[in-house]
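Below is one structure; the comments refer to it alone.
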Amino acid sequence: MASDREVVLQIDAARAHELLGADDGPVLVDIREAWELEQGRIADSVHIPMRELDEKLEPYRERSIVLYCAHGNRSLRAAKALSEQGYDEVVSLAGGIDAWGKAGLPLELPDGLDESQRVRYSRHVLIPEIGVQGQKRLLDAQVLLVGAGGLGSPAALYLAAAGIGRLGIVDDDVVDESNLQRQVLHSTAALGELKVESAARRLRGLNPDVVVSPYGERLTADNVDGLLEEGWDVVVDGADNFPTRYLLNDASVWHGVPVVHGSIFRFEGQITVFAPSRGPCYRCLFPQPPPPELAPSCAEGGVLGVLPGVIGSIQGAETLKLVLGIGEPLIGRLLLYDALAASFDEVAVRRDANCPVCGDTPTITEYVDYVEFCDRPG
Ligand SMILES: [Zn+2]
């Protein structure tokens, strides 16, 4: 008899749909956890999480009941338990809401994401720390990338894929053949083209949700304020020269915008987050740029092709965390990666009370135009 009982304990989606549409149909109970509701629900269902069934299902004892969860496992267990407790007419929706959706039956989706976005960002929505609300935050966010080179390439690709609503990209350079060994945003067909144009085309093709704003110019003391005033939530520093780094640092301190910093050299890279008032700035670590004759030239530098992929991807991860307000950002922490040793290290970095820009008595209060020279291969 047990097998007969099993059969009665679950019904398929089509049958459930039919019963629910009838006059005096069963009560439909969604037994999933609250965070799972973001994936959608079946209309007119009552939400009673599984662990609260004993306490809250009682008013429906005389009704016929259909339970559902995500895939039908929990609801089948619950239906068995309830029938043993004397509920006469309780069944589980076989395959859960998943099977219901796959059968083409209607789902009610919470506000905010359209159907195509639910599919595109489903692997975000499934994470409790992100969910629909987090994805909406990403879609509402604006991130400025300084540099569309080695670091900017993976950062831009992953941020666009993740659904950052607006991506600004500043770079005045054109795509050169020597870039393609690491700058995966660009293709051979884009040789000679402005990097921001090549980037914009690639990113728009990747995700039509993202508004890409290309700025085919160099960051200067004249344009930096106007650019920073556009309301960016985070700036990703993928610059390849000292003047830009210092300009961006000073501007971000004065505009109160966090900067996710990355730099690379040969086999080594480093990442940190400069968050004004929450941690140090770039000048707390390096108050002034080195004299040009001591900085490595671009040609001498060199970089392992995949290295900016690692560092730029971590910059992307830090950016998403800052936008979502989750996890432990790399504020006051400098993460070092050595590709040859295959090791990560971390050193604490502190705000310097004597910092010329973010210290207690700043000595630099307007932009400094440093002589341009190469920092590291971008
Ligand atoms: Zn500082």
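Fair warning: this is a prediction, and the values are worked out from it, not measured in the lab. Order of listing sets the numbers, starting from 1, for every ligand and every atom in it.
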Protein-derived N, O or S atoms lying under 2.8 Å from the Zn ion (ligand 1), waters excluded: 4
Scan side-chain atoms only and decide if Asn249 and His261 contain a donor-acceptor pair under the 3.5 Å cut-off. no
Determine whether Asp173 and Lys195 satisfy the following criterion, salt bridge (charged side-chain N to carboxylate O under 4.0 Å, His left out), listing intermediate values before the conclusion. CA-CA 6 Å; Asp173 213 356; Lys195 285 185 181 176; 3.6 Å; yes
What pairs with Phe344 under ring pair (Phe, Tyr, Trp, His ring centres under 6.0 Å), at least two apart in sequence or on another chain? Tyr337
My understanding is that only residues two or more places apart in sequence, or in another chain, count here; which of them pass side-chain hydrogen bond (donor to acceptor under 3.5 Å, both in side chains) with Arg74? Glu36
Taking salt bridge (Lys or Arg N to Asp or Glu O under 4.0 Å) as the definition, give me every residue that meets it alongside Asp171, ordered by chain and number, with sequence neighbours left out. none
Under a 4.0 Å N-O cut-off, is there an ion pair linking Glu328 with Arg333? no
